[in-house]
Each structure stands twice: as structure tokens, then as C-alpha cells.
Student: 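Below is one structure. I have some questions about it.
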Amino acid sequence: MKRERESEPPGRDGRIEPLLDWSDVRFSAGAAMRPKRTVHERRRLWPWWLGVLVLLIVAVMVYRQPLAGWLWPETRVQRLLDDAESALRQGRLSDAEGRGARQLFEAAQALDTDRTEARTGLMRVATAALAQAQQALNEERFADARSALALARELQVPRVQADRLAEALRRREAEKVGLDDLLKRAQQAHEAARLEGGSDAALPLYQRVLSLQPDRVEALEGREDALSDLLQEAGTALAQGNLADAAAIIARVRGYDAGHIELPDAQASLAKAIEQKLARAASHLRRQRLDAALAGYMAVLGAAPDNAVARQGTEQVASIHAERAGRQAADHQFSAAQVSLEKARAIAPQSVAVTEAERRIARARQALARQDSGLSASERNRRVQSLLAAMGRAEALGNWLTPPGESAFDQLRAAQGLAPDDAAVKRAAIRLLAAIERCFEDELRSNRIRRAQTCLDAWQTLQPGASTLRDARQRLALKWVAVGDERLGAGDVAFAAQALREAQGLAADAPGLDDFALRVRTAQAGGD
């Protein structure tokens, strides 16, 4: 029965309209409505929304600089320039931690070589350094004056101004320092055979006298005799086979006096000793005496770290160990293979040959686990055909090396294990190698360097001794440098550093790699 409310206002005709009895109303399932939140529920949620808003504000404040550097690389360059200007105003011209004006301007220049603010900023740093040197000289802070003058020279301040200040510094310091006393102390240290080893040794004292009075005869003669004594020690080290010690002594002599009369003979003796050591190491390498060969090459690198022949020799030793590990794994000699692999890894942990040996060992283990020596000829043939078909499918997907056990190479290796002399298996190996080489060329041409790297790894795996691999590695390294340089210009220092590591791992002697490495280090120093 419908109910009426007395307080209900009358209708147009004066009658009281009956209220709707909600008990008679029915809703269909499709018309069901979601109940609205009550005021109490909305009030209960607002602290949570406030907390989320506060967290967002804090995150933006904390990470505003990294976000700005990621979204707008130009912002990072400008920040470096602003920090450099601030350091210049404060007189912080150079800083070992990379926060000096010089380092910050250089970092900005490394990120954007087209902007002129960094170049002009470095010129202003040079001028400020010259002014600091003059002020330090006026206050007789000679060490500070020398340091500031050296910075000005490094930044190519006008040579006439630098030489004029250096001469004034030399005269003023000579007046304040007792040269006769310094010379006497140097002679006493020389007689006691204390040639090096501190500021009170003979050679540093002679050098100090000559820096203040370059034509002081007693100091010139004393330094020459002391250097002759030092070169005798280098000769003794050479006679004992200590190339590194001899090279270090000769380098120190060159630092004191590059024109010493006995220096050319000492350098010639060192060069001859290095050649003899390299020849003996090469002889050991030809005879597969790998430990002796490695010891010889490492001795040369200790004396001449940039010696390309010695570095190549160590890589050859590592490659031989790695190839030996692969052969041992193929013969199921896994313990011996692991020993050979560890030797190769200790010499060249980033070598492509080491990586390939690791893969070959893993694949040999998998192939052994899959092989069934009890297969009949027909069953073996069916198994080979199935593996070649699987290889074709993996090849079509570009799965040259991965996933392990299902890659094109793994399927081919399993087929070779079952039927190494089968004509179809041999044709499949030739076809796979050609496809991998095409893959590398196509991906490299399209600037897809990561995929090109995968194709190169597969190429190395399938044909580790190919003469064309060195050229391919160098080309890929140059591509990494080009892409890394472009990303560095956009402010992506992390990617540039990764590109540098990739390029160095592929071809450490690639053209332009050293310059790119310098730019990356400069950018990293400025961003710290």
C-alpha cells in the first residue's frame, strides 16, 4: 500500500501527491549503479592523497637535476657552465676532484664542442691563473706562484707574459733562498749516495738550485755526475734481466736531464734487451711453451707498457689457451678444458677468444648430454634431419647463439656430433657461416650495433680463426665510437662510457679511440 506524508506539498490541483514506495521499485541487473562514496569515506581518504602529493613533490625536488639532464641535455651543459663561472668567481681555478673552473669548463666542452662559452671560459681561467701567480709572487708564496703559473701555461696563456712572470719568480726566489746552502746539502747527499728518495736527496736539491740559477756550474756538474751514477744502476738492472727497473731508472734520468750525454747509450741498451726478450718469447710461443712466452711478454710490458708486439703476444697466448680449452671440451676432457680456460681468462678476461671458449665448453656439455650412442643408422639420420630443420628455424629468427641449446649454432653442433661427415651437415655449416656474415654486414650498415655484435660473436664462434675477423671487430669498434660520440654530445655520458668499453674490447687500437676516451673521461670528471 502506498504511503502519504502530511508534510508533502500539494500538487497543482491542490491534492497531496503520494510518495513513491521504494519497496515496489525493481532494478534490472544491467541498470545497477555503483553507490557513491559517503562524505565520511571521502574525508577518510584525503590524508592518503595528501601523502602521495607530498611524495611527488619531494621526488621532483630531489631528482630535479638528473631528470633535467636526462630530458634536456642542454640543461646539463648550462649547469656545468654556471658551476664553472661560480668556481671562477671564487678563485677555484683547478681542483683534483674535478670541481674547479678548468675541469667544469672542459667537461662542458666535451659534452658540446660547438658552444663557445667553454672555450672563452678556459681563456679566462688562464688569465685568472696568471693573476693568481702574480699575487702569490708579491706575497712571496713561491710554491703557490709556481702552481698557478703552471696552470696558466697549460691553458696557453700568452707565452711572453708567462716567461716574464717566470723570470721574476726565479729572481725573487733566488734572493730569498740560500743557494750556497742548497748546493752544499746536495753535495753532501751525493757523497752519501743518496741520489733520490726525498727533497733532501742529491738530485732534487741540484734540480732546485738549477731552477733558480740555471747556469750554476757546480750544480750542473753535480747533477751530471749523479745521473751517471744512476745510469750505472740501470745497467746493473739490465744485466740481471730486470727490464722494468732499468726502464724506470732511465725514465727518471730523462726527467732530470733529457740531454744527458750517457742517456742515448742507456736507452739503446734497454731497447736491445727488449728486442732480445721479445725474440725469446716468440720462440717459446712457436714451441707452445706458453708459460715461458707469457713471462717474457709480461717482462717487456713492465718496461714498455705500450709495446704492441708484447701486447699482441699476450693475446696470442690467451687465444691458444682458449682454443685448447675448446678442443679439450670437444673431446669431452672437461677438467682439462676448465684449467685451460682459467689460464686464458687470467691473461685476457675481456678477450673474445675467452668468451668463445666458455660457450664452446657449455655447448660441448649440452651436446654430450643430448647424444645417444645407441641410435641406429636410420634413427641417427632422422635425428640429424630434425636438427638441421631446427637450425633453419633458428636461423630464420636470427637466433645464432641464443637461447642456449636451441640456437642455430647449437643445432648445427649437435648435428656435427652425430654425423660430422654428412654432406648435408657440411652444406648447412657453409650456409650458416655465410648467413652470419651477411647478418653482421646488414646490421652494421643499419647502425644496429648490438645486433651486429651478436652476429660478430656468432661469426667468431663458427670460424674463430678467420683472418677477416680482425677487420670486422675494428669496424664495429669504430661504429661504437661514432654512436657513443653522438650520444656524448647529447649529454648521455653513461652510454658513451659503455660505448667506449665495447670499442676497447673489440679493437683497442681503433683510430680515434684515444681521443674519444679522453672526452669521455673529461665529461665524467665534470659530472661527478
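The residues of the chain are indexed from 1 along the displayed sequence.
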Student: Measure the CG-CZ distance between L456 and R451 for me, rounded to the nearest 0.5 Å.
Tutor: 14.0 Å

Student: Can you name the nearest heavy-atom pair linking L88 to A101, along with the distance?
Tutor: N-CB, 3.9 Å

Student: Could you go through the side chain to side chain contact (heavy atoms under 4.5 Å, CB included) check for E441 and R475 one step at a time?
Tutor: CA-CA 10 Å; E441 296 295 342; R475 290 164 56 202; 2.6 Å; yes

Student: Looking at F495, is R487 sitting on its ring face, NZ or CZ under 6.0 Å from the six-membered ring centre and within 45 degrees of the normal?
Tutor: yes

Student: Check the pair R359, D457 against side chain to side chain contact (heavy atoms under 4.5 Å, CB included), reporting the backbone distance first and the verdict last.
Tutor: CA-CA 10 Å; R359 291 172 177 161; D457 291 342; 3.4 Å; yes

Student: Taking the side chain as everything from C-beta on, heavy atoms only, tell me whether V520 gets closer than 4.5 Å to Q524.
Tutor: yes

Student: For A336 and Q328, which heavy atoms make the closest approach, and how far apart are they?
Tutor: O-OE1, 2.9 Å

Student: State, with a plain yes or no, whether a side-chain heavy atom of M123 is found less than 4.5 Å away from one of L155.
Tutor: no

Student: Can any side-chain N or O of R223 pair as donor or acceptor with the backbone N or O of Y256 at less than 3.5 Å?
Tutor: yes

Student: Show the numbers, then the answer: is there a side chain to side chain contact (heavy atoms under 4.5 Å, CB included) between F440 and I436?
Tutor: CA-CA 6 Å; F440 173 77; I436 288 173; 5.8 Å; no

Student: Side-chain contact, heavy-atom cut-off 4.5 Å: V354 with P349?
Tutor: no

Student: Do any side-chain atoms of residues 224-231 form donor-acceptor pairs under 3.5 angstrom with protein atoms, and if so which ones, sequence neighbours left out?
Tutor:
residue : atom : partner : partner atom : Å
S228    : OG   : E224    : O            : 3.0
S228    : OG   : H260    : NE2          : 3.4
S228    : OG   : E262    : OE2          : 3.0
D229    : OD2  : H190    : NE2          : 3.2

Student: Taking D95 first and then R102, would you say they form a salt bridge - that is, a charged N and a carboxylate O separated by under 4.0 Å?
Tutor: no

Student: Step by step, work out the side chain to side chain contact (heavy atoms under 4.5 Å, CB included) result for L513 and L500.
Tutor: CA-CA 8 Å; L513 187 57; L500 175 61; 3.7 Å; yes

Student: For residues 336-354, which residue pairs qualify under salt bridge (charged side-chain N to carboxylate O under 4.0 Å, His left out), counting only residues two or more places apart or in two chains?
Tutor: E342-R345, R345-E358

Student: Starting at CD1 of I249, measure out to CG of L270 and round the result to the nearest 0.5 Å.
Tutor: 10.5 Å

Student: For Q132 and G91, indicate whether the former's side chain and the latter's backbone hold a donor-acceptor pair under 3.5 Å.
Tutor: yes

Student: Give, for atom CD of Q109 and atom CG of L81, the distance between the pair rounded to the nearest 0.5 Å.
Tutor: 10.0 Å

Student: Run the salt bridge (Lys or Arg N to Asp or Glu O under 4.0 Å) test on R99 and E97 for me, step by step, so that the C-alpha distance in whole Å, both residues' side-chain angles and the decisive distance to 0.1 Å come before the verdict.
Tutor: CA-CA 6 Å; R99 303 306 298 170; E97 297 181 356; over 6 Å; no

Student: With a 6.0 Å cut-off (strictly less than), is the heavy-atom count around CD of E486, excluding the residue itself, greater than 12?
Tutor: no

Student: OG of S283 to CZ of R289: how many Å apart, nearest 0.5 Å?
Tutor: 6.5 Å

Student: Over all heavy atoms of both residues, which pair between A496 and G484 is shortest? Give the atoms and the distance, please.
Tutor: CB-O, 3.7 Å

Student: Could you tell me if the side chain of W480 sits less than 4.5 Å from the side chain of Q504, heavy atoms only?
Tutor: no

Student: Any side-chain heavy-atom pair from L111 and T522 closer than 4.5 angstrom?
Tutor: no

Student: To the nearest 0.5 Å, tell me how far T120 OG1 sits from F105 CZ.
Tutor: 7.0 Å

Student: Any side-chain to backbone donor/acceptor pair from D257 onto G259? Under 3.5 Å, distance only.
Tutor: yes

Student: Using the side-chain hydrogen bond (donor to acceptor under 3.5 Å, both in side chains) rule, collect all pairs that involve residues 295-319, keeping only residues at least two apart or in two chains.
Tutor: none

Student: Should T127 and R124 count as side-chain neighbours, where that means a heavy-atom distance under 4.5 Å?
Tutor: no

Student: Any side-chain heavy atom of D442 within less than 4.5 Å of one from R448?
Tutor: no

Student: Above 12 or not: heavy atoms from other molecules or residues under 6.0 Å from CD of Q350?
Tutor: no

Student: State, to 0.1 Å, how close D245 and A237 come at their nearest heavy-atom pair, and which atoms those are.
Tutor: CB-CB, 4.1 Å

Student: Working to the nearest 0.5 angstrom, can you tell me the gap between R159 CZ and Q161 CD?
Tutor: 13.5 Å

Student: Could you tell me which non-hydrogen atom of H321 sits nearest to which non-hydrogen atom of A344, and how far apart they are?
Tutor: CB-CB, 3.7 Å

Student: Hey, is the main chain of D485 close enough, under 3.5 Å, to the side chain of R519 for a donor-acceptor pair?
Tutor: no

Student: Has Q156 got more than 12 heavy atoms of other residues, nucleotides or ligands less than 6.0 Å from its CD?
Tutor: no

Student: Of all the heavy-atom pairs spanning I274 and A303, show the shortest one and how long it is.
Tutor: CD1-CB, 4.4 Å

Student: How about L506 and Q474: do any of their side-chain heavy atoms sit closer than 4.5 Å?
Tutor: no

